[in-house]
Amino acid sequence: MAKPINYFNIMKKILALAGIAFFVLSCSNEDMDTSATNDRSIKKLAREVYPEFDRVMTDLYNSEYDIAEGRTYQDLDKEFYVSEVYLGVEGDKGLAGYFVTDSNRRTVYLDYQEANDIVDQYEYNADNTLSIIRFDLTLDPNYPRNPFNPSSPVATNGKFFGWGDYERGPCEEINGEWSRSVYQNYYAFGVAVSTRTTYELDGVTPLREPCGPSVHVD
């Protein structure tokens, strides 16, 4: 005679298996959540986002820095992506500088020495050599009214970043003729940090543009 089916034991087994499955799924979901949290908390170093600058950043800060999430800024026909860099293992020791990448994929790093009003620009040339240029922010009379950060207003005739338009100096009399110089300013976040003279085609003679008042010699 067949034994009667013990539905109670079957239900116990089903519930036990369901409990094991729930436990496995719960552990799996917890692992996924932890991984996502860890990913967000991992400090970003240059080798992760700007690998060509890894050596520069290590030499400057000994890996004790944090690159923050960047933001895009529009300047006429160009876009600039700017990422702030903070000192300290947790990025809690103050601002160190900025990475700036334009829409032509040119990337520079600006080491900002706030106490001295100095910015050192690091950039790799086409031949992979490193160029370092020091800028004195105080040379711009608009500084520090326009503080050195990407959110500060751009000065009149200025540009957000890079070489600006041609500008003219004051009208001057030289050897009985009136003329003025032509030059360009290099801007970093609207601060004019460098100036270059425009030259004649010979590359030696500074370009001077005629201006008034006219001088008549008898």
Side-chain angles (χ1 to χ4, degrees), residues 50 52-53 55-57 59-60 73-82 96-150 152-218:
Y50 301 102
E52 68 274 28
F53 286 91
R55 176 65 182 273
V56 170
M57 301 301 282
D59 289 345
L60 285 173
Y73 295 84
Q74 185 73 37
D75 180 26
L76 300 177
D77 59 341
K78 266 190 181 180
E79 284 188 344
F80 295 86
Y81 186 75
V82 181
Y98 303 88
F99 276 103
V100 183
T101 302
D102 67 17
S103 48
N104 294 327
R105 300 191 178 223
R106 175 200 177 206
T107 298
V108 303
Y109 177 64
L110 305 175
D111 175 52
Y112 178 34
Q113 302 161 42
E114 185 176 6
N116 302 318
D117 297 315
I118 294 293
V119 172
D120 289 334
Q121 176 179 283
Y122 293 78
E123 180 179 10
Y124 281 95
N125 302 313
D127 59 359
N128 208 34
T129 57
L130 180 63
S131 169
I132 307 173
I133 304 175
R134 172 158 289 190
F135 299 129
D136 182 352
L137 298 175
T138 63
L139 295 179
D140 186 341
N142 290 310
Y143 178 85
R145 278 181 305 173
N146 290 343
F148 187 73
N149 67 67
S152 61
V154 175
T156 305
N157 297 327
K159 183 179 175 67
F160 179 74
F161 200 90
W163 290 108
D165 296 332
Y166 289 106
E167 299 182 45
R168 275 78 181 166
C171 209
E172 302 171 306
E173 183 184 7
I174 300 176
N175 298 326
E177 294 185 357
W178 290 84
S179 63
R180 57 188 175 186
S181 62
V182 181
Y183 62 92
Q184 283 179 288
N185 281 328
Y186 186 84
Y187 292 91
F189 304 154
V191 180
V193 293
S194 181
T195 301
R196 68 181 177 190
T197 301
T198 304
Y199 291 91
E200 300 277 5
L201 294 178
D202 60 11
V204 176
T205 308
L207 177 65
R208 296 196 66 85
E209 183 179 83
C211 61
S214 300
V215 176
H216 301 281
V217 180
D218 295 331

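Taking each heavy atom of Leu139 and Pro141 in turn, the nearest pair found is O-CD, 3.4 Å. Looking at every heavy atom in both residues, Tyr183 comes nearest to Thr197 through CB-CA, 4.4 Å. For the residue pair Asp111 and Ala96, the shortest heavy atom distance occurs at OD1-O, 3.5 Å. When all heavy atoms of Leu130 and Asn125 are compared, the closest pair comes out as C-ND2, 4.5 Å. The two residues Gly176 and Glu173 make their nearest non-hydrogen contact at CA-OE2, 3.6 Å. Among all heavy-atom pairs drawn from Leu60 and Tyr122, the shortest one is CD2-OH, 3.5 Å.
Counting heavy atoms from C-beta on, the side chains of Val191 and Phe135 never come closer than 4.5 Å. Side-chain atoms of Val56 and Tyr50, non-hydrogen and from C-beta on, never get closer than 4.5 Å to each other. Side-chain contact between Val119 and Val193: absent, with no pair of heavy atoms (C-beta onward) separated by less than 4.5 Å.
Listed by chain and number, the residues in a side-chain hydrogen bond (donor to acceptor under 3.5 Å, both in side chains) with Thr198 amount to none (sequence neighbours excluded). Under the rule for a salt bridge (charged side-chain N to carboxylate O under 4.0 Å, His left out), Asp117 has no partner lying at least two apart in sequence or in another chain. The ring pair (Phe, Tyr, Trp, His ring centres under 6.0 Å) check on Tyr124 picks up Phe53, with sequence neighbours excluded. By the salt bridge (charged side-chain N to carboxylate O under 4.0 Å, His left out) test, Asp59 pairs with Arg55, sequence neighbours left out. With sequence neighbours excluded, no residue forms a side-chain hydrogen bond (donor to acceptor under 3.5 Å, both in side chains) with Ser181. With sequence neighbours left out, the side-chain hydrogen bond (donor to acceptor under 3.5 Å, both in side chains) criterion links Ser194 to no other residue. Residues meeting the side-chain hydrogen bond (donor to acceptor under 3.5 Å, both in side chains) test with Arg105, sequence neighbours left out: none. Applying the salt bridge (charged side-chain N to carboxylate O under 4.0 Å, His left out) rule to Asp102 yields the partners Lys78; only residues at least two apart in sequence or on another chain are considered. Listed by chain and residue number, Phe160 satisfy the ring pair (Phe, Tyr, Trp, His ring centres under 6.0 Å) test with Phe80 (two or more places apart in sequence, or in another chain). Residues that satisfy the salt bridge (charged side-chain N to carboxylate O under 4.0 Å, His left out) test with Glu114, not counting sequence neighbours, are absent from this structure.
The stretch residues 179-206 participates, sequence neighbours left out, in these salt bridge (charged side-chain N to carboxylate O under 4.0 Å, His left out) pairs: Arg180-Glu209. For residues 118-138, the salt bridge (charged side-chain N to carboxylate O under 4.0 Å, His left out) pairs, not counting sequence neighbours, are Arg106-Glu123, Asp120-Arg134.
Taking the six-membered ring for Trp and thresholds of 30 and 60 degrees, Phe161 and Tyr186 have ring planes more than 60 degrees apart, a perpendicular arrangement.
Within the model, atoms CG of Asp165 and NZ of Lys159 stand 7.0 Å from one another, a figure rounded to the nearest 0.5 Å. In this structure, OH in Tyr98 is found 5.0 Å from CG in Asn149, a value given to the nearest 0.5 Å.
No more than 12 heavy-atom neighbours from other residues, nucleotides or ligands sit within 6.0 angstrom of CG on Leu201.
Proximity of the aromatic rings of Phe148 and Tyr112 is defined here by a centroid distance below 6.0 angstrom, and this criterion is met.
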